[in-house]
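These figures come from a predicted structure and were not determined experimentally. Here is how names work: the chains are called A, B, and so on, in the same order as the sequence lines, proteins then strands, and each is numbered from 1. Only heavy atoms go into these numbers, but all of them, side chains included; no hydrogens, no water, no symmetry mates.
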Protein chains: 2
Amino acid sequence: MTTMKEIAQATGVSVSTVSLVVNGRDQGRVKPDIAERVRAQAKRMGYQPNPLASSLRTSHTRILGFISEEVATTPYAGGIIMGAQDAAARLGYMLITVSTDGVAEEGRQITALKRYGVDGFLYAKMYNRITDLPRALTTLPVVVANARERTGRVPSISPDEFQIGFDATQRLLEAGCQRIAYVGDQDPILAQGIRFKGYQAALKAAGRRCDPALVANVGFNQQALNGVEALVERASPDGFFCFNDARAWYVYEAAARRGLAIGRDWSVVGVDNHRVFAETLAPRLTTIELPHYEMGYWAACKLVSLIEGRELDPARAPDTTAPLPPLNAANPTSIHCQLLEKDSVAAQPRLGE
Amino acid sequence: MTTMKEIAQATGVSVSTVSLVVNGRDQGRVKPDIAERVRAQAKRMGYQPNPLASSLRTSHTRILGFISEEVATTPYAGGIIMGAQDAAARLGYMLITVSTDGVAEEGRQITALKRYGVDGFLYAKMYNRITDLPRALTTLPVVVANARERTGRVPSISPDEFQIGFDATQRLLEAGCQRIAYVGDQDPILAQGIRFKGYQAALKAAGRRCDPALVANVGFNQQALNGVEALVERASPDGFFCFNDARAWYVYEAAARRGLAIGRDWSVVGVDNHRVFAETLAPRLTTIELPHYEMGYWAACKLVSLIEGRELDPARAPDTTAPLPPLNAANPTSIHCQLLEKDSVAAQPRLGE
DNA sequence: CTGAAAGCGCTAACAC
DNA sequence: GTGTTAGCGCTTTCAG
């Protein structure tokens, strides 16, 4: 690791001059040719600033704390972390991730992160809901991902559940389905109700009426299977919008029991939470991906702009000349998320589209 | 954040004395009563050491770098990260996680981690295989998780695939199955072959013969379903050991098509990679969990012991009086992993059991 | 325009 | 036993 001191000696200037130059604050303070020599020398010696040392003076570490719950039991966080990390990397930041179960654990982790001098926090939740911030989090900038902070004072990025429900139903309409069922979740979680509203809206927009017989909100296992069976018996659907891939499973089993094939006899669109079906069912099941990567990406951008007190133009990468990557390299079309900020709840930038 | 300086002033001693005391290196160097006063004052003021500042002198940050691939597309890493993080927290370390796709990305991430002064690396892979270490990683302590480093010079922790195959088959035997099928993966990946050997060994140990007709190694989708269908037709199994839960899916569909029920007509044991079935099938499917959490936990312990140049007794938590948690709180019995080190390949501590 | 000097919080020689 | 001193790599006044 070469230091500023070494560059200074090699160039025959002082460390302070080197500091100014390598931080790009030499305009009108250092003679251009000297600055150039310093820059060249720094490059030649492969200089990398030591963020820890500079943090001692500035108390900015360029480290973001990423807090998420129960990473262990669901794959949800992977995408968010990836997105956040990509954004952080472009902006010259690092991510320290911690995952927590329970509030005691959470508090301790937050304290630890503060000791390491993180500049701000990303607070990610497992599923979209209304959430309160841990007390300990209030002293530094925070952005919430995959959930909505209750008071609206903290920027939150969450899936656009309405659009998800709307688009899923739209696809089934386009596939020519006549009787489109909604297989939802029994729990009255946020996403459940809003996706259902999107489903209804899409049907209305197409001039169809919403038949309550076509709706089943089910839980797990045998009970869920029975619920789907009853739905099929009473309403003879030919298309299914499934709240998630776990629900899609029951439709599959119902089809298998009747000797019917998805993709031929029935159409199914599911929201993919777990990704297992990507392996088993890809060509047969139409999935809508939750915009995890995107949420992580924009949450990190937002957080950095909060930290640095300046708006980052999310359309281009700051501090670098490289162009922004497509929002989601794997699936550039799945951009269903929204940013909620105080005073912006009405005018939500629908990212992408 | 209170500093040593503040404690020193409040107690009327010098910072160096405070430093000695709070680092527990005051034995025979600081008068006990002074030490006690310092400790009390530190506690009263809620002193937390600033690890970044001390790293400037010691070049030890108490940060571990965690490198994993493709977190985004599989949930595997969650458990490893959780385990590593828990161990790190007990040992007073933090984890910086980065995930990478491709070697260029990997190199850049490693460089970035080095700039942040990580003390060592955890190198986690998506599935169990033989792996080479990136060049950039060789200058610091490394432990490999969920894979095996080729030369054997780097400690590696990986699932005990043989034991997994053996135990899974054992459970089917105990359930009274007469014709136990193996539904494997088409790819000749490491785990595939070894789990199959475990399967064979368990059958042999029970005095059963291995019927090749009971084995199907399948890929995805229709082809996989056909493979399982053919297996069922030709060999009439009543028990299935499935390489992973994706494979178990095809057995479920085959059962549904025949009006058979898992848990009544057929027994199924699957290795759970994706965890989706935990939600849909929990009471019906017997799963063997890969020991992700445990691998992460012990990998981090091992890494810290490498860094600090001393053996940590893995049976008790160093630097804290709190007892070790059960290896996996959720499922304390699933301890199927092994530590490989140079000169220890023969005598593998089978963790737990 | 440039450099000397002080200091961020902490550690480690070395005096006293 | 304890305090003084110097310095880790960097930023930031402030003289010159």
Round to the nearest Å and state the distance from B:Met4 atom CE to C:dT11 atom P. 4 Å
Find the distance A:Tyr116:OH to C:dG9:P and express it as a whole number of Å. 17 Å
Span of DNA chain D, from the first to the last nucleotide whose atoms fall under 4.0 Å of chain A heavy atoms: D:dG9 to D:dT12
Nearest-nucleotide wise, let me know which of B:Leu52 and B:Arg25 is further upstream toward the 5' end of DNA chain C. B:Leu52
So what does B:Thr58 touch, heavy atoms closer than 4.0 Å: a base, only the sugar-phosphate, or nothing? sugar-phosphate
What is the distance, rounded to the nearest whole Å, between atom CG of B:Leu56 and atom C1' of C:dA12? 14 Å
Could you identify which residues of residues 26-51 of chain A place a heavy atom less than 4.0 Å from some atom of DNA chain D, listed by residue number, or say none? A:Tyr47, A:Pro49, A:Asn50
So, OP1 or OP2 of C:dC10: does either fall under 4.0 Å of a side-chain N or O from B:Ser19? no
Determine, stepwise, if the pair B:Glu308 / B:Arg62 fulfils salt bridge (Lys or Arg N to Asp or Glu O under 4.0 Å). CA-CA 10 Å; B:Glu308 303 191 349; B:Arg62 303 189 81 85; 3.8 Å; yes
Show, in sequence, the C-alpha distance, side-chain angles and deciding distance for A:Phe66 and B:Thr97, and conclude whether the side chain to side chain contact (heavy atoms under 4.5 Å, CB included) test is met. CA-CA 10 Å; A:Phe66 184 103; B:Thr97 40; over 6 Å; no
Are the side chain of A:Thr58 and the backbone of A:His60 linked by a donor-acceptor contact shorter than 3.5 Å? yes
Looking only at side-chain N and O atoms, does A:Thr17 offer a donor or acceptor that is under 3.5 Å from a partner on A:Ser14? yes
Side-chain N or O of B:Ser54 less than 4.0 angstrom from OP1 or OP2 on C:dC10? no
If I compare all heavy atoms of B:Leu52 with all of A:Leu52, which pair ends up nearest, and what's the gap? CG-CG, 3.9 Å
State, yes or no, whether a side-chain contact exists between A:Leu303 and A:Tyr93 at a heavy-atom distance under 4.5 Å. no
Would you kindly give the CG-to-C1' distance between B:Leu20 and C:dT11, to the nearest whole Å? 9 Å
A:Glu106 backbone acceptor or donor facing A:Gln109 side chain under 3.5 Å: no
A:Val15 or A:Lys5, whichever maps to the more 5' nucleotide of DNA chain D: A:Lys5
Answer yes or no: does a side-chain N or O of A:Arg57 lie under 4.0 Å from OP1 or OP2 of C:dA6? no
Would you call B:Tyr47 and B:Gln41 a side-chain contact if the rule is heavy atoms closer than 4.5 Å? no
As a test of understanding, state which of B:Leu122, B:Ile96, B:Leu137 forms a side chain to side chain contact (heavy atoms under 4.5 Å, CB included) with B:Ile67. B:Leu137
